[in-house]
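Report on one structure; see the data block that follows.
Keep in mind that what you see is a predicted model, and the values were worked out from it rather than measured.
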Amino acid sequence: MRSDKITKGLERVPARALLYATGLSREDLGKPFIGIASSFTDLIPGHVHMRSLERAIEKGIHAGGGISFIFGVPGICDGIAMGHEGMHYSLATRDLIADIIECVVSAHCLDGLVMLTNCDKITPGMLMSIARLDIPGIVVTAGPMISGRYGKQKLSLVKDTFEAVGRRRKGEIDDDQLSCLEMEACPGPGSCQGLYTANTMACVSEALGMSLPRCAASLAISAEKERIAYKSGQQIVELVRKDITSRKIMTRKSFENAIMVDMALGGSTNSCLHIPAIAKEAGVEVDLKLCDTISLKTPHITSLQPGGEYLLEDLYYAGGIPAVMKRLYDDLNDGPTVSGLSIKEIAKAAVVYDEEVIRTKEKAYHKEGGIAVLYGSLSPDGAVIKQSAVSKNMMQFRGVAKVFNSEETAMKAIMDSKITSGTVVVIRYEGPRGGPGMREMLAPTAALVGMGLGESVALITDGRFSGGTQGPCIGHVSPEAMVGGPIALVEDGDEIIIDIPNRRLDLNVTKDVLAERKAKWIPPKPKITRGVLARYAKCVTSADKGAVLMAE
């Protein structure tokens with residue numbers, strides 16, 4: 001075992017002495033050493049209940065014959081960090097988490113790893129680490145939150161808080177109603193209720209084969225989640241004994257499965273950052289073109305918020321990810337999973353309990369998958385949009401550009417009712433390097449929807465969007481403005497052409513005019529010049545490459 005490096009041999013007397021100081025016995029040193037990387041924190045609703053899940057995982061590891069070691073990794077709640085300087089830090093923590101886990105696991109020669117996670121950047125960061133380390137690992141996502149209630153109305157975070165800001169500004173609701181919504185929208189522990197980034201990445205983890213069946217959708221408050229945590233603890237010891245490492249599961253075929261399930265669900269556009277980043281650590285090449293190719297041939301078979309009607313609790317009761325895979329059975333690649341069952345064995349055994357929540361391919365909500373990748377003169381290296389959350393009327397749109405160099409200035413214009421129908425709001429210098437950190441733009445997009453402009457105004461950015469975004473909102477525009485991409489050359493009044501069916505995003509300006517603007521363009525000074533974000537801005541790559549950090 002890997003742990004033999006610190007437990008065996010004359011020269012390891014000091015290491016053994018220190019291990020005994022933690023309470024281990026001589027007998028324990030012969031058992032598999034299993035790390036539990038936990039993102040527990042009191043700051044995030046999706047993580048506040050993790051202490052009980054840590055205990056369940058520990059019990060499972062001990063029952064399986066291993067020794068458990070809990071260590072912590074940081075977490076940021078994107079919903080709390082949204083709309084201010086805090087959001088600069090969110091994406092940067094993904095790679096930080098991967099680095100922390102690599103350091104702890106490698107320094108202590110752990111044999112296997114259970115990753116207890118839930119929210120946005122934390123889950124992909126953990127998957128990146130286990131792919132990099134290539135040791136046995138299992139992901140336990142801590143589960144989605146149940147819906148809130150306002151009378152008989154189901155509530156969710158994005159629809160009933162972020163969008164409610166715009167509705168209040170428009171006068172559709174009063175202060176008392178707004179106060180009730182903010183109090184009741186999030187009734188307890190768990191990741192936010194719709195198919196936002198946290199739940200998208202939970203579903204991706206399960207479809208990759210890195211979580212036990214039904215883990216992604218099982219609710220945070222459920223006893224089933226406790227049982228899955230316990231079983232994951234048991235199973236990691238079995239994976240160590242059989243030497244089933246992460247890269248034996250995370251293959252090219254399993255990444256194709258994960259993308260397919262993501263597209264069938266209509267998941268967050270952030271998956272187009274995270275899946276390529278995870279794949280890179282696993283030594284597998286995944287790019288935006290593969291995501292779009294799979295989307296073109298994968299029907300969208302669920303209608304989950306933000307673009308649809310249902311919540312993750314509905315997906316759970318309909319059969320969860322195994323039931324989704326059952327619908328896709330003929331198209332899935334077979335391959336191993338951490339459960340010991342193959343992907344197709346899991347899919348075949350699944351039951352679909354609600355034919356409307358998880359439709360057949362023949363009765364799909366849309367004939368294509370949830371995400372489209374757009375190329376053109378404004379995005380030569382690609383841009384992404386959640387097309388399943390765009391109305392038919394806005395799938396093709398021509399509008400006049402209104403340009404902002406930060407999210408804050410755009411948000412002020414929206415809230416001051418300075419954005420009118422027929423506008424394409426352009427928010428730039430918010431990319432991986434320019435942000436830095438590629439902030440999410442949920443506040444302005446939700447405000448536009450809440451103010452009734454979702455059918456007449458589009459938004460494009462070199463930043464990114466929360467999984468909760470709906471409407472004609474295009475992100476990840478590459479190359480970004482900070483490196484002189486075409487989005488840096490857009491001026492107020494330019495015509496922008498959006499054509500989602502034909503995968504185009506174009507700036508209707510001649511090449512000569514663009515060349516003149518390019519010759520006059522001067523890169524702005526970095527917004528942040530000290531600390532982790534300054535280092536991040538120097539090392540981060542483009543969004544179309546997953547916004548990963550360069551090795552040198």
Side-chain angles (χ1 to χ4, degrees), residues 124 195 197 200-201 203-204 207-208 252-280 284-302 307 324 328 331-333 361 364-390 392 394-397 431-432 438 458 460-465 467 469-480 485-487 497-506 541-548:
L195 192 63
T197 306
T200 294
M201 293 312 299
C203 296
V204 164
L208 265 175
R252 167 77 178 199
K253 289 183 177 181
S254 67
F255 279 105
E256 290 175 355
N257 287 342
I259 295 169
M260 188 186 308
V261 169
D262 183 22
M263 298 304 162
L265 291 168
S268 166
T269 50
N270 280 315
S271 66
C272 291
L273 285 175
H274 300 322
I275 294 176
I278 298 162
K280 183 177 184 296
V284 176
E285 184 177 350
V286 170
D287 57 19
L288 287 181
K289 290 183 179 179
L290 178 62
C291 295
D292 196 50
T293 297
I294 293 175
S295 184
L296 283 166
K297 60 184 182 181
T298 303
H300 176 222
I301 60 174
T302 68
V324 174
L328 304 172
D331 301 315
L332 288 171
N333 300 308
K361 291 189 290 185
Y365 287 95
H366 301 98
K367 67 178 182 179
E368 294 180 4
I371 292 173
V373 181
L374 312 183
Y375 296 92
S377 61
L378 193 48
S379 57
D381 294 336
V384 298
I385 185 168
K386 184 187 282 194
Q387 63 173 344
S388 58
V390 180
K392 290 183 180 180
M394 294 297 287
M395 293 292 283
Q396 293 175 309
F397 181 73
M438 203 178 181
I460 68 170
T461 180
D462 54 4
R464 59 195 176 91
F465 297 117
T469 295
Q470 62 174 309
C473 302
I474 301 168
H476 307 202
V477 173
S478 300
E480 64 173 292
I487 192 172
I497 304 168
I498 299 168
D499 187 346
I500 298 171
N502 292 303
R503 301 301 201 258
R504 297 292 302 180
L505 176 62
D506 290 298
T541 60
S542 178
D544 65 291
K545 296 182 172 56
V548 298

So [Y] and [X], do their side chains get closer than 4.5 Å, heavy atoms only?
{"X": "M260", "Y": "L332", "answer": "yes"}
{"X": "I301", "Y": "V324", "answer": "yes"}
{"X": "L288", "Y": "C272", "answer": "yes"}
{"X": "C291", "Y": "I275", "answer": "no"}
{"X": "F255", "Y": "L208", "answer": "yes"}
{"X": "I259", "Y": "V286", "answer": "yes"}

Main chain of [Y], side chain of [X]: is a donor-acceptor contact present, judged purely on distance under 3.5 Å?
{"X": "D506", "Y": "S377", "result": "yes"}
{"X": "S379", "Y": "L374", "result": "yes"}
{"X": "N257", "Y": "N333", "result": "yes"}
{"X": "T298", "Y": "A264", "result": "no"}
{"X": "S478", "Y": "H476", "result": "yes"}
{"X": "D544", "Y": "G382", "result": "no"}

So which heavy atom on [X] is nearest to which on [Y], and how close?
{"X": "T541", "Y": "P432", "result": "O-CB, 3.6 Å"}
{"X": "K386", "Y": "T269", "result": "N-CG2, 3.5 Å"}
{"X": "M438", "Y": "G463", "result": "CE-O, 3.6 Å"}
{"X": "I474", "Y": "F465", "result": "C-CE1, 3.2 Å"}
{"X": "L273", "Y": "A547", "result": "CD2-CB, 4.1 Å"}
{"X": "P479", "Y": "D381", "result": "CG-OD2, 3.4 Å"}

For [X], side chain to side chain donor-acceptor pair (under 3.5 Å) partners two or more places apart:
{"X": "D499", "value": "Q396, N502"}
{"X": "E480", "value": "none"}
{"X": "K289", "value": "none"}
{"X": "T197", "value": "S268, N270"}

On the 0 to 90° scale, with breaks at 30° and 60°, tag the H366-H300 ring pair as parallel, tilted or perpendicular.
parallel
State which residues pass ring-ring contact (aromatic ring centres under 6.0 Å, His included) with H274; sequence neighbours excluded, sorted by chain then number.
none
Between [atom1] of [X] and [atom2] of [Y], what distance do you get to the nearest 0.5 Å?
{"X": "D287", "Y": "T293", "atom1": "CG", "atom2": "OG1", "value": "8.0 Å"}
{"X": "M394", "Y": "I498", "atom1": "CE", "atom2": "CD1", "value": "6.5 Å"}
{"X": "I460", "Y": "L378", "atom1": "CD1", "atom2": "CG", "value": "4.5 Å"}

Can we say D331 and K361 salt-bridge, meaning some charged N sits less than 4.0 Å from an Asp/Glu carboxylate O?
yes
Kindly state each residue pair satisfying salt bridge (Lys or Arg N to Asp or Glu O under 4.0 Å) with at least one member in residues 255-270, sequence neighbours excluded.
R252-E256
